[in-house]
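The structure under discussion appears below in the form of structure tokens.
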Amino acid sequence: MALIVQKYGGSSVADTDSIKRVAKRIVETKNAGNDVAVVVSAMGDTTDDLIDQAMSIDSNPPAREMDMLMTAGERISMSLLAMAIHAEGSHAYSFTGSQAGFMTDARFGAAHIKAVKPDRVRRALGKGSVAIVAGFQGINEGGDATTLGRGGSDTSAVALAVALGADVCEIYTDVDGVFTADPRIVPTARRIESIGYEEMLEMSSCGSKVLALRCVEYAQRFNMPLHVRSSFSHRRGTVIVPNQVDPRSLPNLE
Ligand code: ADP
Ligand code: ASP
Ligand code: MG
């Protein structure tokens with residue numbers, strides 16, 4: 001039995017039908033005999049919409065309130081996803097970043113994770129439930145909600161996988177993996193089967209948003225295997241593993 005962290009990006013949970021589709025996939029992974037913890041992003045363009053709403057009130061809103069607002073997006077998707085898992089006949093608990101033990105520094109809008117203490121996530125898994133964690137958010141020492149910067153749910157997923165000692169962190173998105181260039185812009189781009197952390201770091205730092213830079217840095221630091229794949233197919237995606245690890249040894253490859 002493996003412990004798998006799955007992250008679903010906003011493009012994979014854009015509407016309630018997508019949430020139901022993702023719930024089926026999570027339950028499939030669970031029923032195959034794995035423990036599954038999920039990190040979820042806000043639905044579709046929710047985060048952009050929240051920012052637009054704030055800007056229409058004040059072009060320079062207080063940073064604390066901005067973070068409080070933006071954490072709302074992931075609360076919606078995490079609770080709907082837990083409901084969809086119930087509807088599939090399985091059980092899930094959703095947790096905010098703070099409930100899941102994501103402690104950060106105080107930099108609103110660009111907070112760094114200082115520690116992850118996922119006791120409640122572990123207890124949920126121990127009871128045989130799926131744990132769903134809101135990505136992109138944490139809590140600072142003063143008890144205020146913080147966000148990690150745009151695309152930060154990727155980093156939340158890796159940090160949770162490291163804290164739980166997961167076997168793999170799967171990043172589900174709307175393309176079949178990491179390509180030689182953005183496949184939406186360059187039609188001849190090819191999918192990469194397997195790539196090293198260093199090379200992936202380069203791609204992320206050049207702006208390839210398929211994986212957030214800090215997520216790759218975090219994975220490299222803790223040797224966490226990543227599998228970037230599509231939530232719309234069951235095809236194998238791109239694996240990023242430490243040198244000494246055989247990519248074929250990862251769980252849930254097909
Ligand atoms: P999510 O909602 O899952 O977080 P993102 O929009 O953040 O998804 O990232 C996925 C997008 O990244 C793809 O739709 C693709 O257009 C873009 N992208 C940019 N560069 C690459 C690349 N080299 N390989 C794959 N996707 C890329
Ligand atoms: N919802 C946040 C964003 O749009 C975090 C994420 O999707 O990773 O940036
Ligand atoms: Mg993203």
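As the structure lists them, so they are numbered: ligands from 1, and atoms in each ligand from 1. Since the structure is predicted, the reported quantities are computational estimates derived from the model, not experimental observations.
The closest non-hydrogen atom to atom 10 (C) of ligand 1, taken over I195, I185, T173, comes from T173. In the candidate list L211, T180, I171, D174, D174 is nearest to atom 11 (C) of ligand 1, counting heavy atoms.
Close contacts of ligand 2 with R150, meaning ligand atoms under 4.0 Å from a residue heavy atom, involve 3 (C), 4 (O), 9 (O). Atom numbering of ligand 1 starts at 1 in the shown order; those under 4.0 Å from a heavy atom of Y172 are 3 (O). The atoms of ligand 1 that sit less than 4.0 Å from any heavy atom of M203 are 23 (N). Those atoms of ligand 2 with a heavy atom of S41 less than 4.0 angstrom away are 6 (C), 7 (O), 8 (O). Using a 4.0 Å cut-off to heavy atoms of G152, the atoms of ligand 2 that qualify are 5 (C), 8 (O). Close contacts of ligand 1 with V178, meaning ligand atoms under 4.0 Å from a residue heavy atom, involve 24 (N).
Ligand 1 lies less than 4.0 angstrom from a heavy atom belonging to P183. Taking a 4.0 Å cut-off on heavy atoms, G177 registers as neighbouring ligand 1. Distances shorter than 4.0 angstrom do not occur between any heavy atom of G9 and any atom of ligand 2. For the pair M70 and ligand 2, no heavy-atom separation below 4.0 Å is found. Taking a 4.0 Å cut-off on heavy atoms, G10 registers as neighbouring ligand 1.
Judged purely by atom type and a 3.5 angstrom limit, S90 has no side-chain atom pairing as donor or acceptor with the backbone of I85. Of the possible donor and acceptor atoms, none in the side chain of S129 sits under 3.5 Å from a partner among the backbone N and O of Y93. Side-chain N or O atoms of S204 include none that pairs as donor or acceptor with a backbone N or O of L201 at under 3.5 Å. A donor-acceptor pair under 3.5 Å is absent between the side-chain atoms of N34 and the main chain of V36, judged by distance alone. Panel note: side chain D167, backbone L3; a donor-acceptor pair is recorded below 3.5 Å.
Residue-level proximity to ligand 1 for R191 is absent, since no heavy atom of it falls below 4.0 angstrom. Within the 4.0 Å heavy-atom criterion, neither part of Y8 lies near ligand 1. Within the 4.0 Å heavy-atom criterion, both parts of K209, backbone and side chain, lie near ligand 1. Residue-level proximity to ligand 1 for A181 is carried by the backbone, the only part with a heavy atom below 4.0 angstrom. Residue-level proximity to ligand 1 for D182 is carried by backbone and side chain together, each with a heavy atom below 4.0 angstrom.
In this structure, E199 places its CD atom where only 12 or fewer heavy-atom neighbours from other residues, nucleotides or ligands lie under 6.0 Å away. By the neighbour-count criterion of 12 heavy atoms within 6.0 Å, atom CZ of R75 is sparsely surrounded, having that number or fewer from other residues, nucleotides or ligands. Other residues, nucleotides and ligands contribute more than 12 heavy atoms inside 6.0 Å of the CG atom of D58.
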Verdict with supporting geometry, D119 and K117, salt bridge (charged side-chain N to carboxylate O under 4.0 Å, His left out): CA-CA 6 Å; D119 302 346; K117 298 176 182 155; over 6 Å; no

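In this structure T46 satisfies the side chain to side chain contact (heavy atoms under 4.5 Å, CB included) test together with A42, M43, L50, sequence neighbours excluded.
Follow the hydrophobic side-chain contacts under 4.5 Å out from V216 and you reach V210 in the same cluster. Put simply, I132 and F95 are part of two different groups of oily side chains (I, L, V, M, F, W, Y) that touch within less than 4.5 Å, one to the next.
Residue-to-ligand polar distances place G151 within reach of ligand 2: an N/O pair is separated by less than 3.5 Å. Ligand 2 has no nitrogen or oxygen under 3.5 angstrom from a nitrogen or oxygen of K7. The shortest N or O to N or O distance between D154 and ligand 2 is not under 3.5 Å.
Atom 20 (N) of ligand 1 has its closest protein heavy atom at S208 OG, 3.3 Å. Among protein heavy atoms, atom 24 (N) of ligand 1 sits closest to F179 N, 2.9 Å. Counting protein heavy atoms only, atom 4 (O) of ligand 1 is closest to K7 NZ, 3.3 Å. Among all non-hydrogen protein atoms, the one lying nearest atom 6 (C) of ligand 2 is S153 OG, 3.4 Å. Among all protein heavy atoms, the one lying closest to atom 2 (O) of ligand 1 is S11 OG, 2.9 Å.
Ion pairing between a basic and an acidic side chain is recognised when a charged N comes within 4.0 Å of a carboxylate O; D67 and R107 show no such pairing.
For the pairing with D176, the salt bridge (charged side-chain N to carboxylate O under 4.0 Å, His left out) check across R235, R184, R191 returns one residue only, R235.
Between Y218 and F222, the angle of the ring planes lies from 30° to 60°, which puts this pair in the tilted group.
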